[in-house]
Amino acid sequence: MGRLFVVELEGKIYSCKHCRTHLALVEDIVSKSFHCRHGKAYLFNKVVNVSVGEKEERLMMTGLHTVADIFCVGCGSIVGWKYETAYEKSQKYKEGKSVLERYKVSGPDGSNYWVSHEAHVGGSDADDA
């Protein structure tokens with residue numbers, strides 16, 4: 001296996017809750033109103049230190065999308081997904097952006113998001129998109 005190069009971010013950072021690898025900056029958040037089966041999720045313009053899985057079609061709350069799961073390069077944990085294609089015209093803004101699931105990452109202040117019993121159980125996507 002080759003050497004792992006990890007990008008170190010500066011500023012207010014979201015990181016993997018398992019290994020603390022840096023994933024994204026607060027300033028790159030597009031929306032905090034996304035939801036996944038475990039609760040809150042945030043849409044980011046840019047994430048780092050992730051590998052991208054296989055593309056697949058998923059029917060989400062806002063329509064059909066081609067997405068790929070994203071994994072932390074530090075520990076291999078799934079941390080969210082990347083939007084490859086949005087088929088609805090109103091959802092095109094998501095293309096190329098990534099979602100980090102809040103319960104899988106630590107916040108800038110080191111806080112973790114815990115799953116509540118009220119967490120949405122349906123498909124992953126934004127409420128207000």
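In what follows, residues are counted from 1 in the order of the sequence shown. Nothing here was measured: the structure is a model prediction, and the numbers come from that model.
A chain of hydrophobic side-chain contacts below 4.5 Å, direct or via other Ile, Leu, Val, Met, Phe, Trp or Tyr residues, connects V47 to I29. L9 and L43 are members of different hydrophobic clusters when ILVMFWY side chains are connected at heavy-atom separations under 4.5 Å. Linking ILVMFWY side-chain heavy atoms closer than 4.5 Å, directly or via other members, places L23 and V7 in two distinct hydrophobic clusters. When hydrophobic clusters are built by joining Ile, Leu, Val, Met, Phe, Trp and Tyr residues whose side-chain heavy atoms come closer than 4.5 Å, directly or via intermediates, V79 is grouped together with F44. V99 and V30 fall within a single hydrophobic cluster, where Ile, Leu, Val, Met, Phe, Trp and Tyr are joined by side-chain heavy atoms under 4.5 Å apart, directly or via other members.
If you take CZ on R20 and SG on C72, they are separated by 11.5 Å, rounding to the nearest 0.5 Å. Considering NE2 of H65 and CD of Q91, their distance stands at 4.5 Å, rounded to 0.5 Å. Atom NZ of K17 and atom OG of S77 lie 9.0 Å apart (nearest 0.5 Å). Here the straight-line distance linking atom OG of S98 with atom CG of D28 works out to 10.5 Å at 0.5 Å rounding. Put simply, OG1 on T85 and NZ on K55 are 6.5 Å apart, with the number rounded to the nearest 0.5 Å. Taken to the nearest 0.5 Å, the CD1 atom of I70 stands 8.5 Å off from the CD1 atom of I78.
Using a 4.5 Å heavy-atom threshold, the side chains of V50 and F71 count as separate. Side-chain contact between K12 and D109: absent, with no pair of heavy atoms (C-beta onward) separated by less than 4.5 Å. Inter-residue side-chain proximity for R102 and Y42 is flagged as met; some heavy-atom pair is nearer than 4.5 Å. Proximity of H22 to Y14: side-chain heavy atoms (C-beta onward) are nowhere separated by under 4.5 Å. The shortest side-chain heavy-atom distance between W81 and M60 falls under the 4.5 Å cut-off. Considering only heavy atoms from C-beta on, C16 stays 4.5 Å or farther from S106 through its side chain.
Checked by atom type, the side-chain pair Y87/T66 shows a donor-acceptor distance below 3.5 Å. K94 and T62 share a donor-acceptor pair across their side chains, judged by distance under 3.5 Å alone.
Smallest separation of non-hydrogen atoms from G74 and T21: CA-OG1, 3.7 Å. Taking every heavy atom of both residues into account, V26 and P108 meet most closely at CG2-CG, 3.3 Å. Minimum interatomic distance between A24 and L100 (heavy atoms only, all atoms of both residues): CB-CD1, 3.9 Å.
With sequence neighbours excluded, the residues forming a side chain to side chain donor-acceptor pair (under 3.5 Å) with K92 are E95, listed by chain and number. Among residues two or more places apart in sequence or in another chain, the salt bridge (Lys or Arg N to Asp or Glu O under 4.0 Å) test is passed with E56 by R58. For S51, the side chain to side chain donor-acceptor pair (under 3.5 Å) test picks out no residue, with sequence neighbours left out.
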Requested in this report: Before giving the answer on side chain to side chain contact (heavy atoms under 4.5 Å, CB included), spell out for D69 and E54 the whole-Å C-alpha distance, their side-chain angles and the decisive distance to 0.1 Å.
Outcome: CA-CA 7 Å; D69 288 333; E54 295 287 320; over 6 Å; no

